[in-house]
Amino acid sequence: MPEERRAAERRTKLRRTTDRKVTTGSRLDVILDVTRRLMSITDLDALLRDMAEATTQLLDSDRATIFIVDRERNEIWSRVALGTGSDEIRQAVGVGIAGTVAETGEAINIPDAYRDPRFNPEHDKRSGYRTRSLLTFPMKGQNSRVIGVFQVVNKHGRERFTEEDEETLASLGASAAVAVENAQLVAEQRRLWETLIETLAVTIDARDQQTAGHSQRVTRYAEVIGRGMGLAGIELEKLRAAALLHDYGKIAVRDEFLQKPGKLDDAEFAYMKAHAEKTGEFLAHLEFPHDMREVPIIAAQHHERMDGKGYPRGLPAERILRGARIVAAADVFDALTAPRYYKPAYTVEKTLELMDGMAGDHLDPEVVAAVHRLLKDLEWTLESLKHTWPKPSQEVAPAAEGALSERDQAAVKASDG
Ligand code: C2E
Ligand code: SIN
Ligand code: SIN
Ligand code: FE
C-alpha cells in the first residue's frame, strides 16, 4: 500500500534525525527540522502523524496522542494515536485529563495518572496497558483558542516529564496549531465554495421544470467523459464547476423562449444564444481561486464549435479549451437523451447517431470517441439520474414513439431531398 509505504519512509527519515542522542542543542535542530517539514506537508493527517512520531522520540516516551477539538459537538477526538493500536477516543470537553486541558488551556504534567481523579482508566483496562506519567499539553491557535491537545505517555527512565519536555511540546504545539488552523480554514473555504457553486446551479435548474436537473446531469456526464479522457485532480474540479455553471446565463432568458414547445425561429434563437455570453459575464464577477480561473471561460465556451461557427465568439477549434469540448458533448448528450419542451427523450442509439453526425464540425471527434468508449458508464449514470428528468407536463403533447424534434425532422427531410 503506497500510503503505508510513504508513512514508513517518513518514519525512517525521522528516526535518522532523532536516533542520535538527543542533547539540548540537537533537540532544537530536530524541532526546527520537523517544523520546516510541517510547512511543506499538505496532508494534515500525515503531518500530525509526523508530529506525534517526533514527540514520542524527542520526549523519550512510550506513546503520543493528538486530539483535535470538535467545537460543534464540544468533544475532543484522537486524530492520531501512536503506539496504542486503539480505535478513536472521543470524550466531552472538560472530561478526563485531555478533556480538562482542552477546557482550561493549561498543561497537566503528572507522575502517576492513577492518583489523579480526572484520569479515566477505562482505556488501560481494555488494552492492558499501564499509564504512569502523563504530559498533556494544549495546542493553541489564534486568540489562544484551544484547537487540540497533545498527550504523551510514560517517560522512559524517569518518574515524570521534565520542564524541558514541556518547552519542547510548546514549540511543536505552536507549529502544529498553525498547520491545523490552516487546514481547517482551507477545508471551510472549499466547502463554502462548493456549496456556492451548487446553489447557483440549483437556482438555474429551479427556473423551470423542464430544465430541472440539467446542470447536475451535464456535470455527471462531463465527469465520466473527463475522467475517461485522463483528467484528474484540479483539471477534473475545473470541469465539474464549469459544467455545473455552464447554463447559468439562462437565468436571464425569458420564460416564453425557455419554454417554447416548438422550434425557435431565427430571432428567438438569436436571443436564446445570449445565454452563453451571459454565463461568462455573470461568472466574471466571481473571484475564482487562482487554479480555477479557467472555469468561467470553459463555461462560456460550451456552445463554441470545432468549425468556428459556434457562439458566442465563433472561436476556431484551437482556441476552444478541452474542458469546453467535454461540456459541449455532455450538454448535447443530455439534451438528446432527456425530454425537452421541444423534443421527446431520444434513445441512446439515436443520440449516438446524432452525435456522430456532429463530430468534426460541431463536437470534438476525440470527445465523441470517448463517449463511445465510455458508453456503459454513461448509460449507467443516465439510469441513475432519470428521476431528475422533467416530469411529463400537460401542456406538452405526449411524444409518439420515435418522434423527432422539428429541428431533426428538418434535417432528415434535407438529407432525403
Ligand atoms: P439545450 O436544450 O440544453 O440543448 C443544448 C444543445 O444540445 C443544443 O445547443 C444543440 O447543440 C443540442 N440539441 C438540443 N436539442 C437538439 C435536437 O433536438 N436535435 C439535435 N440534433 N441537437 C439538439 P443549441 O442548439 O445551441 O441550443 C441552445 C439552447 O437553446 C437549448 O439548450 C435550448 O434551451 C434552446 N433551443 C434550441 N433549439 C430549440 C428549439 O427548437 N425549441 C426550443 N424551445 N428551444 C430550443
Ligand atoms: C485516555 O487515554 O483515555 C485519555 C486519558 C485522559 O486524558 O483522561
Ligand atoms: C460546442 O459544440 O459548443 C463546442 C465544440 C467542441 O469543442 O466540441
Ligand atoms: Fe447552453
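These numbers were taken from a predicted model, which means no experiment stands behind them. In what follows, every heavy atom counts, from backbone to side chain, and hydrogens, waters and symmetry copies are set aside. The residues of the chain are indexed from 1 along the displayed sequence. Just follow the structure's listing: the first ligand is 1, and inside any ligand the first atom is 1.
None of the N, O or S atoms belonging to D331 lies under 2.8 Å away from the Fe ion (ligand 4). With a cut-off of 2.8 Å, the Fe ion (ligand 4) has an N, O or S atom of H302 in range.
Not a single heavy atom of E406 lies less than 4.0 angstrom from ligand 1. Not a single heavy atom of P261 sits closer than 4.0 Å to an atom of ligand 1.
The CZ atom of R322 sits 9.5 Å away from atom CG of D364, with the distance rounded to the nearest 0.5 Å.
Interface atoms of ligand 1 facing V332, defined by a heavy-atom separation under 4.0 Å, are 7 (O), 11 (O), 12 (C). Near R340, meaning under 4.0 Å from any of its heavy atoms, are these atoms of ligand 1: 1 (P), 2 (O), 3 (O). Close approach of ligand 1 to L336 is summarised as follows: ligand atoms under 4.0 Å from at least one heavy atom of the residue are 16 (C), 17 (C), 19 (N), 20 (C), 22 (N), 23 (C). Those atoms of ligand 1 with a heavy atom of H362 less than 4.0 angstrom away are 11 (O). Close approach of ligand 1 to H214 (heavy-atom distance below 4.0 Å) involves ligand atoms 3 (O). Every atom of ligand 1 with a heavy atom of Y311 under 4.0 Å away is listed here by number and element: 24 (P), 26 (O), 27 (O), 28 (C). Which parts of ligand 1 touch S405 is read off a 4.0 Å heavy-atom cut-off, strictly below it: atoms 17 (C), 18 (O), 19 (N). Less than 4.0 angstrom separates some heavy atom of A335 from each of these atoms of ligand 1: 4 (O), 5 (C), 7 (O), 14 (C).
Contacts with ligand 1 closer than 4.0 Å are made by heavy atoms of both the backbone and the side chain of K260. For Y346, every heavy-atom contact with ligand 1 shorter than 4.0 Å involves the side chain, none the backbone. Contacts between Y341 and ligand 1, counted as non-hydrogen atom pairs separated by less than 4.0 Å, are absent for every part of the residue. With a heavy-atom cut-off of 4.0 Å, Q259 does not touch ligand 1 at all. With a 4.0 Å cut-off on non-hydrogen atoms, H303 touches ligand 1 through its side chain and not its backbone. At a heavy-atom cutoff of 4.0 Å, ligand 1 is contacted by no atom of L258, backbone or side chain.
Using a 4.5 Å heavy-atom cutoff, the side chains of L200 and F282 are not in contact. Contact annotation: the side chain of M355 approaches that of L336 to within less than 4.5 Å [non-hydrogen atoms, C-beta and beyond]. Taking 4.5 Å as the limit, some side-chain heavy atom of L382 sits within range of a side-chain heavy atom of Y221.
Here atom 17 (C) of ligand 1 lies nearest to D408 when heavy atoms of D408, D265, D331 are compared. For atom 32 (O) of ligand 1, the nearest non-hydrogen atom from the set K273, M272, E268, K250 comes from K250.
One finds no salt bridge joining R325 and E304 here, because no Lys/Arg side-chain nitrogen approaches an Asp/Glu carboxylate oxygen to under 4.0 Å.
Residue G262 has at least one nitrogen or oxygen atom sitting less than 3.5 Å from a nitrogen or oxygen atom of ligand 1, judged on distance alone.
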> Going through the checks in order, is the salt bridge (Lys or Arg N to Asp or Glu O under 4.0 Å) test met by R313 and E277?
Replying inline: CA-CA 8 Å; R313 297 269 129 91; E277 177 119 60; 2.9 Å; yes
> What do the steps show when you test R191 against E188 for salt bridge (Lys or Arg N to Asp or Glu O under 4.0 Å), and what is the final call?
Replying inline: CA-CA 5 Å; R191 272 319 288 155; E188 267 172 29; over 6 Å; no
> Do K238 and E235 pass the salt bridge (Lys or Arg N to Asp or Glu O under 4.0 Å) test, and can you show the C-alpha distance, the side-chain angles, and the key distance before you say yes or no?
Replying inline: CA-CA 5 Å; K238 282 194 283 190; E235 293 301 318; 3.2 Å; yes
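Results of the side-chain contact (heavy atoms from CB on, under 4.5 Å) test with F161 over L135, I110, L134 single out L135 as the only residue that passes.
With H387 contributing its side chain and S384 its backbone, the two residues share a donor-acceptor pair below 3.5 Å. Looking at D116, its side chain does come within 3.5 Å of a backbone N or O of R118 through a donor-acceptor pair. Using a distance-only test at 3.5 Å, with no hydrogens or angles considered, no donor-acceptor pair links the side chain of E103 to the main chain of V93.
Within H303, NE2 is the N, O or S atom that lies nearest to the Fe ion (ligand 4).
Contact between G105 and V146 at its shortest, heavy atoms only, is CA-CG2, 3.8 Å.
Residues N109 and E166 have side chains that bring a donor and an acceptor to within less than 3.5 angstrom of each other.
When rounded to 10 degrees, the angle formed at the Fe ion (ligand 4) by NE2 (H275) and OD1 (D247) equals 80°.
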